Peer 1: 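Before I ask anything, here is the structure I am working with.
So that the names make sense, note that chain A is the first sequence line, chain B the second, and so on, each numbered from 1. Not measured: the values here are computed from a predicted model. Just so you know, these numbers use all the heavy atoms, side chains as well, and skip hydrogens, waters and symmetry mates.
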4 protein chains.
Amino acid sequence: MVWRETFREQRRDAILEAAAEVFGEKGYQRATMKEIAARVGIAPGTIYLYFKSKRDLLLAIADRLIGQAVDQALAQAVHLDAKGYIAAILRDRLRFARENQAFLQALVTEVWTDPELQERFFTQIIGPIFASGSRYLQAQVAAGKLRPCRVEIVVPAVAGAIVLLSAMRALVPDRLLPDISDEELIEELTQLYLYGLAPREEER
Amino acid sequence: MVWRETFREQRRDAILEAAAEVFGEKGYQRATMKEIAARVGIAPGTIYLYFKSKRDLLLAIADRLIGQAVDQALAQAVHLDAKGYIAAILRDRLRFARENQAFLQALVTEVWTDPELQERFFTQIIGPIFASGSRYLQAQVAAGKLRPCRVEIVVPAVAGAIVLLSAMRALVPDRLLPDISDEELIEELTQLYLYGLAPREEER
Amino acid sequence: MVWRETFREQRRDAILEAAAEVFGEKGYQRATMKEIAARVGIAPGTIYLYFKSKRDLLLAIADRLIGQAVDQALAQAVHLDAKGYIAAILRDRLRFARENQAFLQALVTEVWTDPELQERFFTQIIGPIFASGSRYLQAQVAAGKLRPCRVEIVVPAVAGAIVLLSAMRALVPDRLLPDISDEELIEELTQLYLYGLAPREEER
Amino acid sequence: MVWRETFREQRRDAILEAAAEVFGEKGYQRATMKEIAARVGIAPGTIYLYFKSKRDLLLAIADRLIGQAVDQALAQAVHLDAKGYIAAILRDRLRFARENQAFLQALVTEVWTDPELQERFFTQIIGPIFASGSRYLQAQVAAGKLRPCRVEIVVPAVAGAIVLLSAMRALVPDRLLPDISDEELIEELTQLYLYGLAPREEER
DNA sequence: GATGAATGAGTGTTCATTCAT
DNA sequence: CATGAATGAACACTCATTCAT
């Protein structure tokens, strides 16, 4: 019984990963159930024993990302100082983007045009992360550790950097973006944002 | 003859704009030639007198963006000081994103999965902009006006901020991102990057 | 323009007739759009220019029957005496069954299991015919031309005879039911019902 | 061994009844083996240990009806006088229709389009009943108890009344057909046919 | 015997593209 | 040039049937 359960979950995961792969490569619309099945090594009909529809596959991918989006590393970072926090956040999000690359790419083509997916994506993934970052920044500003700033602008600005850099690494690794390690990225961006947000003398 | 030519071009443009609209709303795959035609007020077959295929419409949209991507404002900004340059770039790219919103949104769903589109998008649009920004930054660093930094990281970081903020304004204006004017955005981001890149005392 | 209109209607009719044929032969479920198209000599996709779906085809068949179900012959029969009326009704319904045989057979397999079809069939086709018959019978009874009877039983009884005899003629012409002309049927049934409903002496 | 046999038969019957139920509700084509199995409380695969195929289920249903179609009541009625005979036949067939409603309804959607089923249905069920009725009528006519008539028309006419009235009771109990008891039906129809077939003075 | 996961053939429907008018 | 009816390839999804356990 335990075995059965485990097997079902393993197969479900295998299908989900294959789907994310194919969605990521061809986009949701162009991806075919047949190819997803072929990549798992099963018949197309079998997928429907685990997922209600092609769309259900997409939503399941979203759910999985949601489950992974906010983890301990992120939660524990709030106890660090500004420099450590920024570095920790960058490190964790770069890791998240890398580990879930196929899943994120699978979703991204549809998020633009699918309201339900958009809703899930923004309220469940982006929203909590932004909220956490905003709260931390405001606390630091209040404590005089960072200069006053509009967090609703700064947080998306930092997020956008991570998103675009991760996307470029996944899509065009050789063009535009030379091979840069995570740590180099973190180092450079930490400086940029830390200095960019440091208390200004003229504002003291 | 000149008139004919003009009429052709006007109609071509009308089709292109309708296509961008529909692609933007539904995504390339879900958009139908029939709806594009209906929005122009012509028959579906007529589109094929102006464009070879549905895909050709997409490529033409890309071409049009390419034509608009690098304009004078951008070219002239290089003569400004760092603060002015950053503000000018931000202002210009926010304007570009706003003015070409439909066209950009039309492209974005397919850029992820279409190699040819990717090629055009990155080498023709992103590439030149990045190159220009990189050159300016390096010159400023050499002149001691900005601290040494890895431009291949900083430039995408700034670009990512613009991209994500523009995307969020287009997709989820009410959620997450309060109603912020361009100038407020520019002001905040200029500070962030200017201070973030200012020469450090310990590095002098 | 008139031509176009006529052509559209002709083609629509051709599709409808082919559909009725195939539905009648194989039943609605087993019938395929491909075969219907083939029988009209068009491509499967073309059917969808005239009908929204396979089901729409079925409902259109029902509508067509509804339009033909109650005609003048039936309406004028109410002015005849009992013998003439019964004969007229029988003649008209036998004709209706024969002329619309394919359409009726197309419908019959689905009427049993499809609530919407059932609704249409009973309220639009069976209902009006039964109502008309019931009214006539009651008037004749009131006038002392026929014996008192429960019309809600007699009318379906007569209808059932027509239905079963028509069905047997269509399905098993050689078995059970020898080759009998319409007039022979009418003659025999008219006697059966006329005598069966004639005023009884003991009831006067 | 006897027990085993009994268990097998019980389960076979249970499956058959569930199948008749589902076929009757949804029609043969729309019914699924899965639902039939679920209604018996077994796995789909188990059905195949008792029946060769879905179609085999349908044929078994037909066989079961055949076994029940002609019973003693029907056979003994031939010793009654015309009035008693007609009433007995009506009573018995109404009972048969009611008791086997699910089975009859299961068959009816397919009889129209399935030649083999048609064959069985008409030669094994309808045929013997018609033959028995015809024989009785002819004997009564020969004995001067009923007027000469074409039995090959009258018998289906009576049968059609029973079929349609039973069908309407099953399908649309509330519409068209008020709630009428079997005995009321028998009473009214017996009069209709008895008087309709009574010897005519002018024919004596 | 019983199970139920797996199969894969078959179908309704969509839509980019063509071409006769 | 313009039309829009016609095409037919492609694809998601269903479900009777099989077979390893």
Peer 1: So, for A/Ala31 and A/Lys26, which heavy atoms are closest and what is the spacing to 0.1 Å?
Peer 2: N-CB, 4.2 Å

Peer 1: Which nucleotide wins on minimum distance to the side chain of D/Arg8, given the candidates E/dG1, E/dA16, F/dC1?
Peer 2: E/dG1

Peer 1: Distance-only, no hydrogens or angles: does the B/Lys34 side chain make a donor-acceptor pair with backbone N or O of B/Ala43 under 3.5 Å?
Peer 2: no

Peer 1: Would one find a side-chain N or O of C/Arg30 under 4.0 angstrom from OP1 or OP2 of E/dG10?
Peer 2: no

Peer 1: Which nucleotide wins on minimum distance to the side chain of C/Thr32, given the candidates F/dA2, E/dT11, E/dT3?
Peer 2: E/dT11

Peer 1: Please compare A/Gly45 and D/Lys54 by the position of their nearest nucleotide in DNA chain F and report the one closer to 5'.
Peer 2: A/Gly45

Peer 1: I need the CG-P distance between B/Leu49 and E/dT17, as an integer number of Å.
Peer 2: 14 Å

Peer 1: E/dA16, E/dA5, E/dA2: which one has an atom nearest the side-chain heavy atoms of D/Tyr50?
Peer 2: E/dA2

Peer 1: Return yes if some donor-acceptor pair links the side-chain N/O of C/Asp114 with the main-chain N/O of C/Leu117 below 3.5 Å, else return no.
Peer 2: yes

Peer 1: What is the base-pairing partner of E/dT21, counting Watson-Crick and G-U wobble geometry with both distances under 3.5 Å?
Peer 2: F/dA2

Peer 1: Between C1' on E/dT11 and CD1 on C/Ile47, what's the gap in Å once rounded to a whole number?
Peer 2: 12 Å

Peer 1: Give the nucleotide from the list E/dG1, F/dT7, E/dG8 with an atom nearest to the side chain of A/Pro44.
Peer 2: E/dG8

Peer 1: Using whole Å, report how far CZ of C/Arg55 lies from P of E/dT13.
Peer 2: 11 Å

Peer 1: Out of E/dA5, E/dG4, E/dA2, which nucleotide sits closest to the side chain of D/Ala43?
Peer 2: E/dG4

Peer 1: Within the 4.5 Å heavy-atom criterion, are D/Ile125 and D/Arg120 side-chain neighbours or not?
Peer 2: no

Peer 1: Write down the distance between CZ (D/Arg12) and P (E/dG1), rounded to a whole number of angstrom.
Peer 2: 13 Å

Peer 1: Which sits closer to the 5' end of DNA chain E, C/Tyr48 or A/Ile42, going by the nucleotide each is nearest to?
Peer 2: A/Ile42

Peer 1: At 4.0 Å (heavy atoms only), tell me whether B/Ala38 reaches a base, stays on the sugar-phosphate, or touches nothing.
Peer 2: nothing

Peer 1: Take the protein atom CD1 of A/Ile36 and the nucleotide atom C1' of F/dA12, then report the distance between them rounded to whole Å.
Peer 2: 11 Å

Peer 1: May I ask you to say what A/Arg11 touches in the nucleic acid, namely base, sugar-phosphate or nothing, with a heavy-atom cut-off under 4.0 Å?
Peer 2: sugar-phosphate

Peer 1: Using whole Å, what does the distance between atom P of nucleotide E/dT18 and atom CG of B/Asp56 come to?
Peer 2: 12 Å

Peer 1: Starting at atom CZ of B/Phe23, determine the distance to atom C1' of E/dC15, rounded to an integer number of angstrom.
Peer 2: 13 Å

Peer 1: Just to be sure I understand the rule, does C/Thr46 reach a base, reach only the sugar-phosphate, or reach nothing, if contact means heavy atoms closer than 4.0 Å?
Peer 2: base

Peer 1: Pick base, sugar-phosphate or nothing for C/Phe51, based on heavy-atom distances below 4.0 Å to the nucleic acid.
Peer 2: nothing

Peer 1: Whole angstroms only, please: what is the NZ-C1' distance between A/Lys26 and F/dA10?
Peer 2: 14 Å

Peer 1: Under the side-chain hydrogen bond (donor to acceptor under 3.5 Å, both in side chains) test against B/Glu17, which residue among B/Arg12, B/Arg64, B/Arg39 passes?
Peer 2: B/Arg64

Peer 1: Touch check for C/Ala37, heavy atoms < 4.0 angstrom, all strands: base, sugar-phosphate only, or nothing?
Peer 2: nothing

Peer 1: Taking the nucleotide of DNA chain E with the closest heavy atom to each, which residue, C/Lys34 or B/Tyr28, is nearer the 5' end?
Peer 2: C/Lys34

Peer 1: When rounded to the nearest 0.5 angstrom, what is the spacing between CH2 in D/Trp112 and CD in C/Gln105?
Peer 2: 6.5 Å

